[in-house]
Each structure stands twice: as C-alpha cells, then as structure tokens.
Number of protein chains: 2
Amino acid sequence: MPNLDQLSAFIAAAETGSFSAAARRLKKAQSAVSNAIINLEIESGVDLFDRSSRSPTLTDQGEALLKSAYAVQSSHHDFVAKARALNLGEESELCIAIEQNISPQPVVELLIEFEQTFPFIELELLDPGINDVAALIRSGRAHIGLMLEQEEYPQGIKFKGIGHSRRMPVCSRNHPLAQLKQVSHSDLRQYRQLVMKSLDPEDTSHNRQVISPKLWYAESPFVIAELLSAGLGWAALHEAVVAEQLEKGILVVLSRTYQQDANLQGIDVVWTEQKALGKGGQWLLERLFKLKLG
Amino acid sequence: MPNLDQLSAFIAAAETGSFSAAARRLKKAQSAVSNAIINLEIESGVDLFDRSSRSPTLTDQGEALLKSAYAVQSSHHDFVAKARALNLGEESELCIAIEQNISPQPVVELLIEFEQTFPFIELELLDPGINDVAALIRSGRAHIGLMLEQEEYPQGIKFKGIGHSRRMPVCSRNHPLAQLKQVSHSDLRQYRQLVMKSLDPEDTSHNRQVISPKLWYAESPFVIAELLSAGLGWAALHEAVVAEQLEKGILVVLSRTYQQDANLQGIDVVWTEQKALGKGGQWLLERLFKLKLG
DNA sequence: ATCAACTTATCTAAATATCAGATAGATACT
DNA sequence: AGTATCTATCTGATATTTAGATAAGTTGAT
C-alpha cells in the first residue's frame, strides 16, 4: 500500500534528518513530507521516526525499513533508466556468436567495458562450431558474429576482416606421426583425419580441408582435440583451440614438408543490416573493427 | 515518474495477455488498467504492447521492461512483508555470540532453518574468547550467547545448560611431554602452560586453570593452538578447538595420572530479559534449549 | 527568562489524479 | 450476420495530494 512518493519522503527525511530539509530537497511543501511519512507509518504500522527531540531520528525499526526502502527506490530508478536507455536506441538484448576456433579472450575484454557502458542490455554469447556463425546471423538468432572467413556469405550478411588465426596440423605426442621429423601429404594420408564440419548440411567447405581418405567429422574443434588427445588420428586445428594442450605437451604440431604459408586463415566480424543494430551493437561493432587479431 | 499501480497493471496485463483480464485480477475497472498502461507508455516513452491484434502482446522493449517491473514489485513486496514482520514482533536484527571454545556447527544448522523462517532479520555472529560472551550480553551488544558455564553470571543474565564440552591437556607431538606415557602435575609444572584469559580485566576465572608457574596468556584458544602446534608449551583446550589438529596428528592429548573426570565443562545458553527478545530470538532460544551438546 | 530560528503536526481549500461506468469501434469465432 | 470479447476514450464522481497558514514544541544564544 505504501507508494513511491512516501518512500522517497522517508528516504529524504532519513538522510537529511529533518522533514523540512527533505521537503526542500524534494521541492515539496513541508506538510507534504510530514503527511507522507505519517501515512507511511500508519499504513506500515511501524513508527519510523522518534520525534521526541527537535530533529527526528530513525527508530531501530525505521532503520531496518530504510534499507528495504532503498531497495525499492533503486529498482525503480533502474526501471526508469532502462526505459530511457531503450528510448535512446539501446537494444534490450544482444546476441554475439564467436566461432569456437577463435579465442574469445579479446572480445571478453571488450565486453567488460560493454557491461559498464550498457548495464541494461542483456547479452547472450554463443559459441557455435565451424561456419555456423553466418547462419545464426542470417536467421536473426545472433546479431554480431566472429568467424573464420568464408569465400562467400549468404545474402544480407556484411563482414569485415579483423585479423588472422593460425591453423596447424596436430596429433597426440604418442601418435606415429609425432615420431616423424617432417610429415608429407602422403604421411598424413595414411592416418585418420578429423575434420570440422558445419551443422548446416548445405555447407561443403570442409571438403577443401580433406587430405586423408580416412575421415571422421565433428562439429566442435574441442571434441576433435579430445579425440586427438586420446591418440586418435590427426587434424588441422586453430591455435585458440589447442594452445593449452600444446602447452601441456599432450598434443604436438607436425612439421610439414609442404605449403608452409597456407596456414593463416582470416577472421571476420559478421553482422546484418536487415535488422538495424541498436546503440550497443553499433558500439561493439566499432570496437571489434579496431581489434587486430593474430 | 511511473508509479506502482501502473507497474502492477503492466505486470498483470503481461501475465494475462489482456487488459480486461488484468482489470478483473486487480479488481479494477478495465478503463483503469487501460489508462494505467497508456500513461506508463507515455511516461516511459516506450511502447509496451503491440495492439494490432485482438489480444495485446508484449513488444521486445516491453519484455525487457517487464523484468525491471518485476524487480520493483518484488522489492516493494519485501518492504511490506518486512513491515508486517516488524509489526508481528520480529526484531530487525539479532546478534549471537558463540564462544570460540564451542563448536558453532550445531547452531549453524539451526541458523539455516532460521534464515528460512525469518528472512528479514539481519543476523550478526560474534565469536569472542573465553568468558567474554556474558559481557556482550550484558552490554546489549549481543542478544543470545553460548559459552562455557561460569559459577556466577552478572546480574540480569539468564542461563540454561544445554550440554558439555570436553577439555583436555594437549601439546605438539614433538613436545617433550608428548613422549611420556603418562603425565602428572609435576610433569606439567616443568613446562610453559598457555592459558585462556578473558578480555575483561575483572575476570579471574583463568586462575583456576593454572598448574604450571610458567604462564603465557591469550584471549583466543585458536591462537593458543597455533603456539602449541609450533611446539611451545601445553594447554587445556576444548575439543571444538583442537579436533582438526588432533586429527592431523599435529597435536596430541596427554594421558593423565590425575582427575580423569574433571574434564567435562558445561555449555550454557545465556540471554537477558532486560531487553525482551523478539519473535526470532524466542524461536532461536527454544531451539537452543532442545540441543544436547557433547 | 526571553527571544530568534528552527522544527513538526494539523487544518483547509484548491488542485490533481484516479476511478467506474458507459460507449464506440475493432477483432475473432460461430 | 451475430455474438462475445477486446481496447480506447469520454464523463462525472470520488479520492488523493498538495501548498499555505497556523499552532505548538525544541534548541541554543543572549
């Protein structure tokens, strides 16, 4: 039953220690504050102030309720602030998809700042497998994505390169390939190759990676890394995926006799202009453009 | 500017999917709900509902603001509930002092239930050294205490025994005393004794514990246990304090040739009736009476 | 003790906000 | 077409809130 004006009067009076001062702060008549607090006391059934002296002082119970009053007031401020943010063009939610092959760390650093700047935007993070980011953007499920570059994108998708990721053939340190000083294509062909494959059945980009005729597929590079760690086959994986296992010595990089320079793959920011981005999305996009990855 | 009635109307309409149904739930006229929501939309500057079809549906922005509206409403409910609790005789805060020699664990189990039963009472826990609980109760700093029994308590303090704690002479496993099969008083007198002493300079109860002429004092039994672990002297400590270090073998109990039965010391609940306890304090007191410690 | 300067409580009348009821127009379903 | 249900809007009645004036109390200085 107590309303927000009564709570504001209560808070102002508690902070200033005077009903009159509270009235001046709130730009209301003294009688308005006095009435508000008396009514609040009647409705809540609690004596909030001890008026025996000149300046009213909070009772113990008043002190306790003051904390709850602050809680109401601050959540109300949040409501108003969120409405204002929406009015100024902030979206209410933003979904970002970062392909698993790409290290999220530089983006996470941006997001720390994002959280401060746009406290009311709800953020969702997706980490799809290879080449699935574009589909998420296109369907509207995600608003901004980071993915390994493709030769062509679905219509309506915009993209911009922001760096590179190194891809390298790796296997378990116990794998026969790991015992060779240098491996050639014909060496690789003798063992099972694990290839990343998109969820999208139309996507055929994985075919360009095929070297060995003995193939298994997985959507997630992390699943592949696990298989490799268990000693199964070899795969071309990105540094972000295998950095930790290389560090620990579980996986090793194969030295190649061939195409030493084809191992750099571009990283693109992708988004769509069909659904216009809000203030938060624009801010994030601009920051992503300034990144230099790899 | 938006008020609580408008937020209630917003929430009810969002939940029922209809302004009319919301009005029925809130027992108001349909026009009241319609006005409330329209005014809320004007004041916040956000279109909350899409009215193009028969039943209004939340816009994305409305969905976002609904969450904030819930936050305001629930904190307001908390305010009202807290006021009601205070009215029904709950204190706003309760301070419990548990002497360090006593294991807090049985009380902690009670407090789990307390937190559910009295969610609005702020609880403070103190863990004073030996014999300082009574002073905290007497000064009003704490409302309920658990302490090792004393022969007499300050005036105005009420107490009730709820169990016992075992006190035993302990020292480091590397200490010379630990090498003896059995220790006598004259053995103990040869080494430094560490004694718990109250903060209160008037308190002389530590004198009754003195055996050795080589004395050091500490307020906290845990500090004494640390000194013992480092190999310094011996002390009579309670099981709650040294259980862990006995388990690990850092400290050992000395086998005595004397008074095998004087090692049980009573545990009292103490409180005062000068300041009447509220509902929460009464509840806790009754539960403490039912405990059987030791 | 007296006074000045400040408090809070209370009263009144006016301004304001809120509400229920009636009505009209729109939508969905039979 | 007909029925039921919905929302927006208008209107007058009701309730609440407000400012201003006033009374009475407190504080601290003179």
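In what follows, every chain begins at residue 1, and chains take the letters A, B, ... in the order their sequences are listed. Nothing here was measured: the structure is a model prediction, and the numbers come from that model.
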### Query
Taking atom C1' of D:dT17 as reference, at what distance in whole Å does atom CG of A:Asp5 sit?
9 Å
### Side chain of A:Ser18 - closest among D:dT18, C:dT8, D:dT9
C:dT8
### Task
State whether the distance check finds a donor on one side and an acceptor on the other, under 3.5 Å, for side chain B:Arg54 versus base D:dC6.
no
### Nucleotide D:dT18, atom C1' - distance to CG of A:Leu26 in whole Å
13 Å
### Derivation and outcome, side-chain contact (heavy atoms from CB on, under 4.5 Å), residues A:Glu63 and A:Leu66
CA-CA 5 Å; A:Glu63 197 115 27; A:Leu66 179 61; 5.6 Å; no
### Message
Hydrogens and angles aside, do A:Gln30 and A:Ser20 bring a side-chain donor and acceptor to less than 3.5 Å of each other?
### Response
no
### Task
Take A:Ser31 and A:Ser53, find for each the nucleotide of DNA chain D with the closest heavy atom, and name the residue whose nucleotide sits nearer the 5' end.
A:Ser31
### Query
Whole Å only: how far is the CD atom of A:Gln30 from the P atom of C:dT12?
17 Å
### Message
Rounded to whole Å, please give me the gap between NZ in A:Lys28 and P in D:dG20.
### Response
14 Å
### Query
Name the one of A:Leu136, A:Leu277, A:Leu285, A:Ile137 that satisfies side chain to side chain contact (heavy atoms under 4.5 Å, CB included) with A:His143?
A:Leu277
### Query
Could you go step by step and tell me if B:Tyr153 and B:Trp271 meet the ring-ring contact (aromatic ring centres under 6.0 Å, His included) rule?
CA-CA 11 Å; B:Tyr153 288 95; B:Trp271 72 101; 10.0 Å; no
### Message
Assuming nearest nucleotide by heavy-atom distance, tell me which of A:Ala36 and A:Ser55 is located more 5' along DNA chain D.
### Response
A:Ala36
### Message
Looking at A:Ser34, I'd like to know whether one of its side-chain N or O atoms comes within less than 4.0 Å of OP1 or OP2 on C:dA9.
### Response
yes
### Whole angstrom value for the distance that separates C1' of D:dT9 from CD of B:Glu41
15 Å
## Note on the structure
By side chain to side chain contact (heavy atoms under 4.5 Å, CB included), B:Thr59 pairs with (sequence neighbours left out) B:Asp50, B:Gln61
### Task
Could you tell me whether A:Lys279 sits above the aromatic face of A:Phe118, with NZ or CZ closer than 6.0 angstrom to the six-membered ring centre and within 45 degrees of the axis?
no
### Message
Just the rounded figure in Å: distance from P of D:dT17 to CE of A:Met1.
### Response
11 Å
#### Entry: Presence of A:Asn3 side-chain N/O under 4.0 Å of D:dT16 phosphate oxygens OP1/OP2
no
### Message
Tell me whether the side-chain N/O atoms of B:Arg24 come closer than 4.0 Å to OP1 or OP2 in D:dC6.
### Response
yes
#### Entry: Spacing between A:Asn39 atom CG and C:dT10 atom P, to the nearest angstrom
11 Å
### Length of the CD1-C1' vector between A:Ile42 and D:dT16, whole Å
14 Å
### Inter-end axis angle, the helix from C:dA1-D:dT30 to C:dT30-D:dA1, with every axis fitted to five base pairs (rounded, 10 degrees)
30°
### Query
Any side-chain N or O of B:Arg51 under 4.0 Å from OP1/OP2 of D:dA8?
yes
### Task
For residues B:Leu94 and B:Phe114, report the shortest heavy-atom separation together with the two atoms involved.
CD2-CZ, 3.9 Å
